[in-house]
Amino acid sequence: MKKILLIQPSPYDQNHKPIKKDKLYFVGLAMPLLAAMMPEDWETEIILEILEDIPFDTDADLIGISTMGHGVIRSIDIAKEFQKRGKTVIFGGYMASIMAEESTKYCDAVVIGDAELVWQELLADFENGNLKRIYEKNLESGTFSTPVPRFDLIVKKNIGDFLPVQAGRGCPNNCSFCSVACLYQGRYIKKPLEEVIRDIRQVKALGFKKFLLLDDNIFSDRVYLNSLLVEIEILGMEWMSQCEIRIGEEDEMLEKLAKSGCITLSFGLESLSAESLIKMNKGWANPLEYSRLIKNIQKFGIDVSTEMVVGGEGDTLDSIRMTKNFIEDNKISVPRFYILTPIPGTQFYKDMKTAGRLVKDNIYSFDGTQAVHRPVHMTPDELTAAYWELYESLFTINSIIKRNILRREFLKKPGKYLFYCIVNLYYKHQINKRITPNIF
Ligand code: B12
């Protein structure tokens, strides 16, 4: 029997050691999905490096490695090690996809974007000894289909109390910094409802009471979302997802979301500067409306989680500092921030390169811990300092209490907010070590 080893690498920390965790809360779907697409005469093993060591002496014939953001540096090192041992290495995932030519230097073949339509061809080519350097066949606009993910290969690992499910890929918005826009270019493709429900049923059958709908923007197609919510409600589960903030205008939709079991929505708010948003091609988002929309979403019992970036064209040192008040006033339990980073392949990267505003040439140093472009209203070093100061200012014991305990909802669900406090303390610990906190 032939064997494939599918690896989700862990990015390096400041000491160039792969980050390790006791528990991985957010698991991706790519590995269980690729496993489900393997022909029956193949054995499949999945390694989540954050939790377990890579068996470099494996008897696998083929090695599949995912690439995500700056984690790609680790992907390359793992590939080198396997190639040294004579193994054939395939890259896939976002980073390899948007830097495909560069990626082919470090592996035997790259899958650009969706793997569904090329995976069987790639495996057949491998077996016949005719592997091509690049495989690319994007899913057509409209709908796409996937098999049931092989969660059985990961549920015994130390993962959180929910599993990932996907309804759609891509997003109708084209924000200039976004890797999703770069791959899907404003397209939103979705699975038939029956398939999404089939996958959620599997999650439930495995004993999980929660799932993460890891779509990029569940508010991309309101007719589809409406129908999906009706079906999800019947399953009686809790779930989390992400979408654009404009959903906060839609009381009817928010009510349906809450009724269907949606407990948390995460929003890429990016910046409180309208100018920054306009320059990000995100002028449709109005920061003056953010507080009202957040409060409206919270009113329906849905927790709001935020993702923001610092270093946009209109951001100033003052506006970055003021973000602290915004987060505290809106009682955001677990806020996350990133330094706006020109990821190769994105419009923002092209703009910064053309304007000669990149301050670092080595794209492998773009790990989000330091500014790599010259912002308009500050120096790159000032931006880096302001970023970490903002994080530090919000992850003090005082602020954690203000955002999680001193709020009306605390008495209704103390367990939940105490859990958020623990997550905050964990983030605080990561921030002290200058690791960009993420929801592992
Ligand atoms: C869940 C998730 C996470 C989770 C779990 C990640 C994990 N270790 O599995 C957590 C929270 C831990 C995480 C962390 C990070 N993430 Co993340 N994450 C996601 C998210 C929301 C969903 C991923 C997913 O499962 N998608 C569903 C699957 C089915 O789609 P897919 O991954 O694209 O896989 C398909 C193809 O790409 C391909 N494919 C994927 N891998 C492989 C491998 C092989 C061998 C082959 C052949 C094909 C293949 O086949 C799949 C089926 O078609 C995506 C957003 C998104 N739209 O995907 C961001 C995303 C992938 N993450 C991103 C980033 C930047 C990060 C971080 C660097 C963030 C940070 N600042 O720390 C870290 C890096 C972690 C790491 N391990 O390296 C970016 C990547 C951008 C880029 N240019 O690479 C994305 C696109 C978010 C964004 N909008 O920018 N992430």
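Both ligands and their constituent atoms are indexed starting at 1 by order of listing.
The heavy atom nearest to atom 65 (C) of ligand 1, considering only Ser97, Cys175, Gly69, is found in Gly69. Between Ser66, Gly64, Ala30, it is Ala30 that holds the heavy atom closest to atom 28 (C) of ligand 1. Distances from atom 86 (C) of ligand 1 to the heavy atoms of Trp119, Tyr135, Tyr94 put Tyr94 nearest. Residue Met68 holds the heavy atom nearest to atom 17 (Co) of ligand 1 of all those in Met31, Met68, Met99. Atom 43 (C) of ligand 1 has its nearest heavy-atom neighbour, among Ser266, Gly92, Ala115, in Gly92. The nearest non-hydrogen atom to atom 44 (C) of ligand 1, considering only Leu34, Asp367, Val111, comes from Leu34.
Taking the six-membered ring where tryptophan is involved, the planes of Phe126 and Trp42 are tilted, since the angle between them lies from 30° to 60°. Between Tyr290 and Phe326, the angle of the ring planes lies from 30° to 60°, which puts this pair in the tilted group.
For ligand 1, none of its N or O atoms has an N or O atom of Thr67 under 3.5 Å away. Between Asp216 and ligand 1, at least one pair of N/O atoms sits closer than 3.5 Å. Note: no N/O pair closer than 3.5 Å links Leu33 and ligand 1 by distance alone. Residue-to-ligand polar distances keep Gly71 apart from ligand 1: every N/O pair is separated by 3.5 Å or more. Among the atoms of Leu24, none of the N or O lies under 3.5 angstrom from an N or O of ligand 1. The shortest N/O to N/O separation between Gly28 and ligand 1 falls below 3.5 Å.
A salt bridge links Glu116 and Arg169; the closest N-O separation between the charged side-chain nitrogens and carboxylate oxygens is under 4.0 Å. Look at Lys428 and Glu392 and you find no salt bridge, because none of the NZ, NE, NH1 or NH2 atoms lies under 4.0 Å from a carboxylate O. Salt bridge present: Lys190 and Asp221 bring a charged side-chain N and a carboxylate O closer than 4.0 Å. The pair Glu313-Arg357 meets the salt-bridge criterion, since a charged nitrogen lies less than 4.0 angstrom from a carboxylate oxygen. Checked for salt-bridge contact, Arg85 and Glu81 meet the test: a charged N lies under 4.0 Å from a carboxylate O. Asp161 has no carboxylate O lying under 4.0 Å from a charged side-chain N of Lys209, or vice versa, which leaves the two without a salt bridge. Salt-bridge formation is not detected for the pair Arg434/Asp13: no Lys NZ or Arg NE/NH1/NH2 atom is positioned less than 4.0 Å from an Asp or Glu carboxylate oxygen.
Separating the NZ atom in Lys80 from the OG atom in Ser75 is a distance of 11.5 Å, to the nearest 0.5 Å. Atom CG of Asn158 is separated from atom CD1 of Ile50 by 12.0 Å, given to the nearest 0.5 angstrom. One distance of note links OG of Ser276 with CZ of Phe177; it measures 11.0 Å at 0.5 Å rounding.
The closest approach between Gly113 and ligand 1 falls below 4.0 Å for a heavy atom of the residue. Distances from ligand 1 to the non-hydrogen atoms of Gly368 include no value under 4.0 Å. Not a single heavy atom of Glu49 sits under 4.0 Å from any atom of ligand 1. Using 4.0 Å as the threshold, Pro164 has no heavy atom nearer than that to any atom of ligand 1.
Each of the atoms 83 (N) of ligand 1 lies under 4.0 Å from some heavy atom of Ile343. Within ligand 1, the atoms closer than 4.0 Å to a non-hydrogen atom of Pro11 are 75 (C), 76 (C), 77 (N), 78 (O), numbered from 1 in the order shown. Proximity to Gly93 (heavy-atom distance under 4.0 Å) selects the following atoms of ligand 1: 37 (O), 39 (N), 40 (C), 41 (N), 42 (C), 49 (C). Remark: ligand 1 atoms within the under-4.0 Å shell around heavy atoms of Ser179 are 81 (C), 82 (C), 83 (N). Residue contact check: Glu116 has heavy atoms under 4.0 Å from atoms 52 (C), 53 (O) of ligand 1. Near Ile98, meaning under 4.0 Å from any of its heavy atoms, are these atoms of ligand 1: 83 (N).
When non-hydrogen atoms are compared, ligand 1 lies under 4.0 Å from the backbone of Pro9 (N, CA, C, O) but not from its side chain. Counting heavy atoms closer than 4.0 Å to ligand 1, residue Arg169 contributes side-chain atoms (C-beta onward) but none from N, CA, C or O. With a heavy-atom cut-off of 4.0 Å, Met95 touches ligand 1 through backbone and side chain alike.
For the pair Lys87 and Phe82, the cation does not sit on the ring face, since its NZ or CZ is not both under 6.0 Å from the ring centre and inside 45° of the axis. Annotation: cation-pi pair Arg403/Phe395 present, NZ/CZ under 6.0 Å from the ring centroid and within 45° of its normal.
With Lys2 as the fixed residue, the side-chain hydrogen bond (donor to acceptor under 3.5 Å, both in side chains) test singles out one of Asp41, Thr44, Asp61: Asp41.
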